[in-house]
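Below, chain A is the first sequence line, B the second, and so on; all start at residue 1. Computed from a prediction, not measured in an experiment: that's the story for all the values here.
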Amino acid sequence: MDLIVIAGFLGSGKTTMILSTISRIIERTGKKIVIIVNDFGKIGIDGKIMQKYGLQVQELASGCICCTLGPDFISTLKTVALEFSPDIVMVEPTGIADPQAILNSLEFYNGPSINRRIIAVIVDAVRFSAIVRALERPLKAQVKAAGLVIINKIDEVPDGTVKEIEAKIREIRGSVPVIPASAIEGTNLDKVVDFLVSAC
Amino acid sequence: MLTPDFSAYAAKVQITSDRLRAGSEMQRMIENLMSRSVIECVRAGASLIGHAKCIAESDSGHYLTCSVTDNDGKARCKGDLGTSFSRIELVINILLYGLKRTQVEEIFNRVLQEEAKSQGFSVSVEDMEVHDHEEDHEHHEHEHEDLEDNHADSH
């Protein structure tokens, strides 16, 4: 099975991106997808939303799967793999997670084999500069771990802002693929799906 | 992005009315509740709003989700609560930087009571305990060196 991590800061649009792309991925590939959602709050909201859309979801709440819930994540991943035999497991960590730490935790995974591992990091075009000012180091860590960066909410900012954000991302990691998109408007989601599907 | 000034507040709220109410009335209240809570958190010193989000489910099976990510408090909502109901369950998470969880709790509860009173609803709040990073354990660089220990402990 393949593992896709959809990471990104709080409120960057991870859940919306998953909801907007998953049906296209299924339609394109016919693959079976299970989602593991990690919400920092004691009651997961994102998982509830996804279940309302009819998706197969396993929730991990009350912490972060990159540290305190790490063993729970590994255990859940193994259970999902054995119980559902998915072709793809899509993971939405909490927005404060370090995605590289999630991949590193797979060292302790001993379930059915994982073929490909992709980290897609969503950056919020509207709040990018504020997040860089407040949390530059962890934001850089997210981008450095990414196999794909999606600049989301481009419908809410001028084109010039998107270009500035892309330039900043290139300073951090020059070679990473970058797709400007809008999960709400559907802009460039086919490109996002193309990337995720071709990588799996 | 877990820093000493990060805090997470979660609550489950039961909202009831002694008469059937239109879904649009409740949606307005929820939008005001989310928006005002964020604005007042910013006024109280929150340096960065992570995400304030909620899901409201009516006893008629309808649901509404709302999200605030900006300091201006603009609430974006999807769904609807149906045409009439007498009870709503609302789950809310507020994740931000620059205020303690207890401050967020105080602000949210005050705004909730004000909005409920002005709209004629009754509310009861169940505070879902979420660990406050600052209060529950020492700050560390969140470099995840503890994961191996956690894994060993659980197996």
Portion of A/D39 that has a non-hydrogen atom of chain B nearer than 4.5 angstrom: side chain

Verify same cluster id: A/L19, A/L148 (apolar side-chain graph, 4.5 Å): yes

Pairing residues for A/F73 by the ring pair (Phe, Tyr, Trp, His ring centres under 6.0 Å) criterion, not counting sequence neighbours: none

A/I118 reachable from A/I25 in the ILVMFWY side-chain graph, under 4.5 Å edges: yes

Which portion of B/L96 sits near chain A, non-hydrogen atoms under 4.5 angstrom: neither

Aromatic plane relationship, A/F40 with B/F6 - under 30° parallel, 30 to 60° tilted, over 60° perpendicular: perpendicular

Part of residues 41-68 of chain B lying next to chain A, heavy-atom separation under 4.5 Å: B/L48, B/I49, B/G50, B/H51, B/K53, B/C54, B/I55, B/E57, B/Y63, B/T65

B/I92 side, atom CD1; A/I45 side, atom CD1 - distance, nearest 0.5 Å: 7.5 Å

Atom CG of A/D159: over 12 foreign heavy atoms under 6.0 Å: no

From A/L135 atom CG to B/D5 atom CG, the distance as rounded to the nearest 0.5 Å: 7.5 Å

Cluster overlap A/V149 with A/V126, hydrophobic side-chain contacts below 4.5 Å: yes

Linked, directly or transitively: A/V132 and A/I151 (ILVMFWY side chains, under 4.5 Å): yes

Heavy-atom proximity to chain B below 4.5 Å, by part of A/E156: side chain

Chain B contact via A/Q100 - side chain, backbone, both or neither, heavy atoms under 4.5 Å: neither

Neighbour count >12 (heavy atoms, 6.0 Å) for atom NZ, A/K191: no

Cluster overlap A/I184 with A/I22, hydrophobic side-chain contacts below 4.5 Å: no

CG on A/D124 to CG on B/D70, rounded to 0.5 Å: 7.0 Å

Audit row: B/K78, A/T16, side-chain contact (heavy atoms from CB on, under 4.5 Å) steps and yes/no: CA-CA 11 Å; B/K78 279 188 194 175; A/T16 306; 4.3 Å; yes

Side chain A/R127, main chain B/T69, donor-acceptor under 3.5 Å: yes

